[in-house]
J.: 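Have a look at this one.
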Amino acid sequence: QVQLAESGGGLVQAGGSLRLSCAASGRTFSSYAMAWFRQAPGKEREFVAAISWRGYNTAQAVSVKDRFTISRDNAKNTVDLQMDNLKPEDTAVYYCAADRIDRGPVLETRKERYDYWGQGTQVTVSS
């Protein structure tokens with residue numbers, strides 16, 4: 001069992017930066033692939049970025065590529081999302097998620113494949 005808690009959301013102007021952090025509890029955290037998803041009002045929850053359990057492999061959605069960076073620190077049980085050059089369309093609730101299945105080098109982008117979720121943190125980007 002893993003419990004996840006996001007932090008770092010807030011209000012920022014377009015072009016600004018935010019760093020989200022996800023703190024995980026549980027000794028098996030380091031063996032799980034981790035991801036960030038987001039959900040804007042009236043829209044489906046969508047994939048943002050994922051990272052393998054060792055941190056060697058990462059994946060990003062096309063919409064955030066070259067602007068967002070995912071990283072993890074297994075010693076601290078944290079996964080971060082550095083968001084630069086934010087745009088109003090990045091406004092959403094951001095969720096941290098854990099995939100407990102060992103899929104080798106494959107990183108899942110489908111939310112149904114993730115087993116544990118945090119409560120989310122609001123990110124609002126003003127124009």
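Note: hydrogens, waters and symmetry copies are ignored here, and every other heavy atom, side chains too, is used.
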J.: Quick one: closest heavy-atom pair of A40 and A92, and the distance?
T.: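 Where A40 meets A92 most closely, the heavy atoms are N-CB, 3.8 Å.
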J.: Does one side chain, of Q82 or D84, offer a donor that lies under 3.5 Å from an acceptor on the other?
T.: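 Present: a donor and an acceptor within the cut-off.
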J.: Specify the closest pair of heavy atoms between E6 and Q119, including all atoms of both residues, with the distance to one decimal.
T.: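 Minimum heavy-atom separation between E6 and Q119: OE1-N, 3.1 Å.
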J.: Testing the basics here: between F47 and A59, what is the closest heavy-atom pair and its distance to 0.1 Å?
T.: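 Smallest heavy-atom distance, with atoms named: CZ-O, 3.8 Å.
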J.: Mind checking the CZ-CZ spacing from R103 to R113? Nearest 0.5 Å is all I need.
T.: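 Separation between the atoms: 5.5 Å.
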J.: Under 4.5 Å between any side-chain heavy atoms of D102 and S31, yes or no?
T.: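 Not touching, per the 4.5 Å side-chain cut-off.
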J.: Can you measure from OG (S127) to NZ (K87) and round to the nearest 0.5 angstrom?
T.: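 Between S127 OG and K87 NZ, I get 14.0 Å after rounding to 0.5 Å.
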J.: Who else is in the cluster with V12 when I, L, V, M, F, W and Y are joined by side-chain contacts under 4.5 Å?
T.: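 Same cluster as V12: V2, L4, L18, L20, F29, Y32, M34, W36, V48, I51, V64, F68, I70, V79, L81, M83, L86, Y94, Y116, V123, V125.
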J.: Roughly how far, to the nearest 0.5 Å, is CG of N85 from CG of D66?
T.: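 Going from the CG atom of D66 to the CG atom of N85 covers 10.5 Å.
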J.: Of all the heavy-atom pairs spanning G118 and Y95, show the shortest one and how long it is.
T.: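 Closest approach of G118 to Y95: O-CD2, 3.6 Å.
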J.: After noting the C-alpha distance and the side-chain angles of R72 and W53, does the key distance pass the side-chain contact (heavy atoms from CB on, under 4.5 Å) rule?
T.: CA-CA 9 Å; R72 70 188 295 163; W53 68 276; 4.3 Å; yes
J.: Quick one: CG on N57 to OG on S52, what's the gap to the nearest 0.5 Å?
T.: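 So the CG of N57 and the OG of S52 are separated by 4.5 Å.
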J.: Looking only at non-hydrogen atoms, find the nearest pair between A50 and Y114 and report the distance.
T.: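 Heavy atoms only, the tightest pair is CB-OH, 3.9 Å.
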J.: For residues S21 and D80, report the shortest heavy-atom separation together with the two atoms involved.
T.: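 Minimum heavy-atom contact is OG-OD1, 2.9 Å.
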J.: Salt-bridged, E112 to R110, with N to O below 4.0 Å?
T.: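 Not counted as a salt bridge, because no side-chain N and carboxylate O are separated by less than 4.0 Å.
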J.: Working to the nearest 0.5 angstrom, can you tell me the gap between L11 CG and Q122 CD?
T.: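 One finds 9.5 Å between CG of L11 and CD of Q122.
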J.: What do you reckon, is CZ of R100 surrounded by more than 12 foreign heavy atoms closer than 6.0 Å?
T.: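 Counting neighbours around CZ of R100, 12 or fewer heavy atoms of other residues, nucleotides or ligands fall under 6.0 Å, so no.
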J.: Please round to the nearest 0.5 Å and tell me the distance separating atom CG of N77 and atom CD of Q3.
T.: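 Reported value, rounded in 0.5 Å steps: 12.5 Å.
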J.: Set out, in order, the CA-CA distance, both residues' side-chain angles and the distance that settles side-chain contact (heavy atoms from CB on, under 4.5 Å) for D99 and D115, then state yes or no.
T.: CA-CA 6 Å; D99 179 2; D115 306 287; 3.8 Å; yes
